[in-house]
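Counting from 1, the numbers follow the sequence of the chain as shown.
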Amino acid sequence: MTYCKRSPLSVGCLKSSVFSNFMRGILSPVTWMLCVIAVPAMTGCSSEEGEARDLAGQTGTPSRVASRSVKANPSITSRAESAIREAYVASIATPAETATIDSSATTLVAAQVDEDAGENADGKSDKDANSEDEDSDTGNVDESTTTTGKFDDEFDPAEIDTSEDEVVEPSASDWRNAELVPTPLPRKEIVAEEVPTPLGIPENARVARKPPITPRTRADVTAVTPATGAPLMASPTDGLPTTNDASARIAASPVESTRSNTDSLMANGNAPEHSPETVQHGTRILEQAVAAAETASLPVTGLGGPVDFQKWPAPDVALFVTGQQHGYIEPCGCTGLENQKGGVARRMTFATQLRQQGWELMPIDAGNLIRRFGRQAEIKFHRSLEALRKMGYVAVGFGPDDVRIGVGDLIQEAAAETPEDAVYASANVVLLDPSLMPAYRVVERATMKVAVTSILDPESLESTLNEEVILNDPLESAQTVMAQIKAESPDYTVLTFYGTEDAARKLVTKVEGIDLVVVAGGYGEPTYQPEAIEGSQTKMVLTGNKGMYVGLVGLYKDAEMRYARVPLDDTFGDAPEMRQLMAEYQFQLRDLGLDNLGLKPIPHPSGEKFVGSETCGECHTTAYDIWENSPHFDATESLVHPGERGDVPRHFDPECISCHVTGWNPQNYYPYHSGYLDLEADSHLHGNGCENCHGPGESHAAAENGEIDVTDEQRAQLRAAMQLPMEKAREKCMECHDLDNSPDFHEEGAFDDYWAEVEHYGVD
């Protein structure tokens with residue numbers, strides 16, 4: 001079945017303007033409005049709606065369906081994701097909830113029923129068929145030929161009697177001879193993840209100012225719980241209000257979606273929105289959409305559409321695969337948590353939900369828990385492994401940033417008294433002595449025995465290793481370990497590989513016995529389907545970056561494995577255990593202080609010192625007033641009293657401080673001399689101030705205030721040094737508004753929107 005891709009029609013599309021005037025004369029205002037509404041509902045579907053139905057009703061050959069892969073048309077896949085997501089909500093909703101959930105299944109079927117009713121056996125709509133009949137009856141007269149109609153050149157509006165407008169209803173014959181001309185609308189671009197545009201300056205911002213910043217102590221957080229106070233959700237819909245709002249319904253499902261609003265598809269007004277018949281038809285259409293999405297997957301390349309793991313038969317063992325956390329133990333929240341994925345708190349919630357559904361879970365991580373090195377990186381390394389142990393991880397690999405920290409910290413986590421206590425297993429990483437850490441692990445769950453080992457590719461290293469850390473040849477190590485694993489006769493063997501996809505492909509084609517290779521190290525998203533590696537029996541899946549996704553691998557004793565990627569978005573609540581761990585991490589940073597974290601102030605490259613934005617405002621009054629009413633002014637306060645996850649202050653964390661105070665290096669996380677060091681002592685350096693962009697201004701301010709004697713030439717040089725040309729402003733902004741913390745800033749035209757909030761020039 002092929003669906004039309006026409007835009008909704010309006011009465012204004014009637015070719016004869018005279019006829020249109022006549023209709024307005026004989027129809028009452030009420031009935032005319034009904035006509036305006038009815039015509040679009042009967043005459044077609046928008047481009048996006050047509051494609052959504054096309055996918056839902058797809059019954060073509062695999063090659064035809066494959067041509068609609070995400071690579072070819074990502075908008076179709078996005079709507080399939082949304083449909084799958086809402087199907088999950090319907091599958092777990094209680095009867096009371098079912099009566100109020102206005103799912104996309106319901107809206108899809110209502111639109112499709114209209115289309116099905118309007119199509120005849122040969123695939124043409126009734127309107128198209130009638131048009132062909134009329135052409136044949138009239139001898140296929142060309143539209144350009146001049147014809148004389150009933151009202152052509154002889155209609156007198158004064159002859160129309162409007163006294164019966166309230167009681168006379170239009171008949172079908174009044175419409176039949178009207179020619180309807182579709183007017184295509186421009187196709188709207190589908191954006192996978194929407195980030196809100198920053199708000200403008202409020203009119204009375206100073207009136208709405210928050211109270212002065214006050215420090216928070218450990219006593220302020222007696223028991224860390226989710227900010228909403230809601231308990232840990234046993235299922236994705238627990239604790240959600242009963243609502244017909246589409247965004248709330250979509251947010252209840254863990255299956256990924258673009259969160260598009262599909263309420264507009266409900267065009268059929270002849271049946272109740274939640275009638276049993278509609279729900280039954282909607283379920284059937286959703287099943288077709290899911291089947292089409294799964295059929296569209298291309299297992300050779302890993303492309304295709306999302307897979308709903310809720311439709312799987314319960315696996316004998318489910319691998320819960322993660323990797324490349326890269327220091328993102330939780331989303332920073334700078335652009336709103338609803339716009340960011342990842343975090344161990346959401347990950348634990350998902351793992352708990354699966355276990356509560358009876359799944360036998362086996363979590364595996366491919367490594368690189370941290371980034372950079374130093375005392376804070378070491379603390380985050382230990383806290384991350386504490387989180388993994390709480391979630392029941394059975395095997396963890398090493399990444400290049402992991403092995404940069406001290407060997408003592410590595411051995412503390414990797415060394416185990418017995419193999420059962422081990423969490424690290426590596427085929428080619430040796431810490432001091434091979435006996436301190438196993439090369440592989442064999443774990444038995446239910447009726448299956450799964451072997452796991454890991455490889456760290458030397459090509460992924462960015463610095464020289466400590467001499468106490470030995471990195472052996474990947475190929476030789478893998479072959480040796482696989483021979484040992486084979487002797488234990490596992491049912492399934494997994495290799496986690498930190499490196500490039502090409503390097504992983506080359507390795508597994510030379511090493512027999514690997515069923516699945518999990519690759520970390522890339523910076524893109526995981527594919528929807530595992531990739532079949534040519535020349536081997538191995539399948540490959542990717543972890544993605546920043547721990548934003550979980551890969552679910554369903555293993556069956558007597559069936560093929562199944563795979564689905566699941567984004568850790570805000571549909572998953574925060575597990576209280578992980579929130580408590582995050583609080584302890586922040587307070588550990590506070591107790592150590594900047595000195596014990598190894599953060600000593602260094603001179604600014606200019607040799608100048610910071611004086612604070614109030615000093616700048618003594619001359620630059622307008623610029624200061626604009627800054628004071630901008631989000632930059634509240635940057636420090638947003639750490640002390642976060643709007644989201646507000647139970648854990650973060651003004652002890654150098655990775656947060658660097659962009660939320662004045663006088664720090666924003667990318668390398670260290671302070672400059674005279675920059676911010678203490679919340680109370682350095683209140684004049686609160687906020688992301690003027691000097692973060694224009695440079696420290698001590699000499700410039702002293703020269704202008706007469707505190708030092710300078711020549712006119714020197715004064716001009718000091719003034720010029722403080723200026724930031726517009727062509728360099730965007731680059732300076734991106735030191736904080738980077739891809740990690742402000743992805744929307746990098747969209748086309750975003751800089752202009754941001755600049756409009758802080759635009760300022762000169763002195764006044």
Problem set entry | Side chain Ser742, main chain Asp738, donor-acceptor under 3.5 Å | no
Seminar exercise, completed: d(Leu639 CG, Leu679 CG) to nearest 0.5 Å is 9.5 Å
Problem set entry | Contact check, side chains of Val566 and Phe350, non-hydrogen atoms, under 4.5 Å | yes
Exercise. How about Pro567 and Met548: do any of their side-chain heavy atoms sit closer than 4.5 Å?
Worked result: no
Exercise. Phe497 and Ser454: side chain to side chain contact (heavy atoms under 4.5 Å, CB included), yes or no, with the steps?
Worked result: CA-CA 6 Å; Phe497 183 90; Ser454 67; over 6 Å; no
Exercise. Without hydrogens or angle criteria, can the side chains of Asp409 and His382 be said to hold a donor-acceptor pair below 3.5 Å?
Worked result: yes
Problem set entry | Within-4.5 Å side-chain heavy-atom neighbours: Gln324 and Tyr498 | yes
Problem set entry | ring pair (Phe, Tyr, Trp, His ring centres under 6.0 Å) assessment of Tyr670 paired with Trp664 | CA-CA 6 Å; Tyr670 57 76; Trp664 275 59; 7.9 Å; no
Exercise. With a 4.5 Å heavy-atom cut-off, do His673 and Glu608 have their side chains touching?
Worked result: no
For this session: Verify the distance criterion only: is there a donor paired with an acceptor across the side chains of Glu584 and Gln580 at less than 3.5 Å?
Result: yes
Problem set entry | Side chain Asp678, main chain Ala681, donor-acceptor under 3.5 Å | yes
Exercise. Could you state the interatomic distance from CE (Met348) to CG (Leu388), rounded to the nearest 0.5 Å?
Worked result: 11.0 Å
Exercise. Do other residues, nucleotides or ligands put more than 12 heavy atoms under 6.0 Å from Asn596 CG?
Worked result: yes
Exercise. Is Glu467 atom CD crowded by more than 12 heavy atoms from other residues, nucleotides or ligands, each under 6.0 Å away?
Worked result: no
Exercise. Do Pro331 and Lys341 have side-chain heavy atoms sitting under 4.5 Å apart?
Worked result: no
For this session: May I ask you to decide if His737's main-chain N or O and His746's side chain share a donor-acceptor pair within less than 3.5 Å?
Result: yes
For this session: Would you indicate whether Cys659 and Cys736 have their SG atoms under 2.5 Å apart?
Result: yes
Problem set entry | Side-chain heavy-atom pair Tyr549, Leu542 within 4.5 angstrom cut-off | no
Exercise. Does Tyr528 have Arg565 sitting over its ring (NZ/CZ under 6.0 Å from centre, angle to axis within 45°)?
Worked result: yes
Exercise. When the aromatic ring centroids of Trp755 and His760 are compared, is their separation below 6.0 Å?
Worked result: yes
For this session: List the steps and the verdict of side chain to side chain contact (heavy atoms under 4.5 Å, CB included) for Ile379 and Gln588.
Result: CA-CA 9 Å; Ile379 294 171; Gln588 185 177 2; 3.4 Å; yes
Exercise. Between Asp574 and Arg579, is the closest basic N to carboxylate O distance under 4.0 Å?
Worked result: yes
For this session: Check whether any side-chain N or O of Asp402 sits under 3.5 Å from a backbone N or O of Gly399 as a donor-acceptor pair, and report yes or no.
Result: yes
For this session: Using a cut-off of 6.0 Å, state whether more than 12 heavy atoms not belonging to Gln714 lie near its atom CD.
Result: yes
For this session: Please confirm whether the backbone N or O of Met722 pairs with a side-chain atom of His694, one donor and one acceptor, at under 3.5 Å?
Result: yes
For this session: Mark yes or no for whether Thr349, through its side chain, and Ala575, through its backbone, hold a donor-acceptor pair below 3.5 Å.
Result: yes
Exercise. Can you tell me if Asn545 and Glu525 form a side-chain donor-acceptor pair at under 3.5 Å?
Worked result: no
Exercise. In terms of side-chain geometry, is the basic nitrogen of Lys609 or Glu691 positioned less than 4.0 Å from the acidic oxygen of its partner?
Worked result: no
Exercise. Would you call Asp401 and Arg372 a salt bridge, using N to O less than 4.0 angstrom?
Worked result: no
Exercise. Just by modelled atom types, is the Gly687 backbone N or O under 3.5 Å from a matching donor or acceptor in the Thr662 side chain?
Worked result: yes
Problem set entry | Ion pair check, Glu330 and Arg346, cut-off under 4.0 Å | no
Problem set entry | Spacing of CD belonging to Gln723 relative to NE2 belonging to His700, to within rounding of 0.5 Å | 9.0 Å
Exercise. Just by modelled atom types, is the Thr636 backbone N or O under 3.5 Å from a matching donor or acceptor in the His686 side chain?
Worked result: no
Exercise. Has Phe373 got more than 12 heavy atoms of other residues, nucleotides or ligands less than 6.0 Å from its CZ?
Worked result: no
Exercise. Where is the tightest heavy-atom contact between Cys733 and Phe745, given as atom of each residue plus distance?
Worked result: CB-CZ, 3.5 Å
Problem set entry | Beyond-backbone contact of Val423 with Val396, side-chain heavy atoms, under 4.5 angstrom | yes
For this session: Inspect the surroundings of CD in Glu459 and state if more than 12 heavy atoms from other residues, nucleotides or ligands are less than 6.0 Å away.
Result: no
Problem set entry | Salt-bridge present (Arg383, Glu378; N to O < 4.0 Å) | no
Exercise. Taking atom CG of Asp502 as the centre, does the number of heavy atoms from other residues, nucleotides or ligands within less than 6.0 Å exceed 12?
Worked result: yes
Exercise. Are more than 12 heavy atoms from other residues, nucleotides or ligands located less than 6.0 Å from atom CD of Glu707?
Worked result: yes
Exercise. OG/Ser630 to CG/Asn688 distance, rounded to the nearest 0.5 angstrom?
Worked result: 8.5 Å
Exercise. Under 4.0 Å between a Lys/Arg side-chain N and an Asp/Glu carboxylate O for Arg404 and Glu462?
Worked result: no
Problem set entry | Ionic contact status for Asp653 with Arg650, cut-off 4.0 Å | no
Seminar exercise, completed: Taking every heavy atom of Leu677 against every heavy atom of Pro601, the minimum-distance pair comes out as CD2-CG, 4.0 Å
Exercise. Which atoms form the tightest heavy-atom contact between Ala750 and Asp744, and what is the distance?
Worked result: CB-O, 3.2 Å
For this session: Using only heavy-atom distances, determine whether the side chains of Thr322 and Tyr393 contain a donor-acceptor pair under 3.5 Å.
Result: yes
Exercise. If you measure only the distance, is there a donor-acceptor pair under 3.5 Å linking the side chains of Glu413 and Tyr424?
Worked result: no
Problem set entry | More than 12 heavy atoms from other groups under 6.0 Å of CD on Glu759 | yes
For this session: Give the C-alpha distance, both sets of side-chain angles, the deciding distance and a yes or no for side chain to side chain contact (heavy atoms under 4.5 Å, CB included) between Tyr672 and Asn665.
Result: CA-CA 7 Å; Tyr672 292 117; Asn665 183 295; 3.1 Å; yes
Exercise. Is the closest side-chain heavy-atom distance between Glu386 and Leu581 below 4.5 Å?
Worked result: yes
Problem set entry | Minimum heavy-atom distance between Leu589 and Phe652, given as atom pair plus value | CB-O, 3.8 Å
Exercise. Judged by modelled atom types alone, do Gln376 and Tyr669 share a side-chain donor-acceptor pair under 3.5 Å?
Worked result: no
Problem set entry | Donor-acceptor contact present, side-chain Tyr754 to main-chain Glu757, <3.5 Å | no
For this session: Kindly say whether Ile455 contributes a backbone atom to a donor-acceptor pair with the side chain of Asn428 at under 3.5 angstrom?
Result: no
Exercise. Any idea which heavy atoms bring Ser658 and Pro666 closest together, and the distance?
Worked result: OG-O, 3.4 Å
Problem set entry | The single option from Leu369, Ile370, Val344 passing side chain to side chain contact (heavy atoms under 4.5 Å, CB included) against Ile329 | Val344
Seminar exercise, completed: In terms of heavy-atom contacts, Asp365 and Gly367 come closest through OD2-N, 2.8 Å
For this session: Go through Asp595 and Leu597 one step at a time and tell me if the side chain to side chain contact (heavy atoms under 4.5 Å, CB included) criterion holds.
Result: CA-CA 5 Å; Asp595 286 345; Leu597 289 174; over 6 Å; no
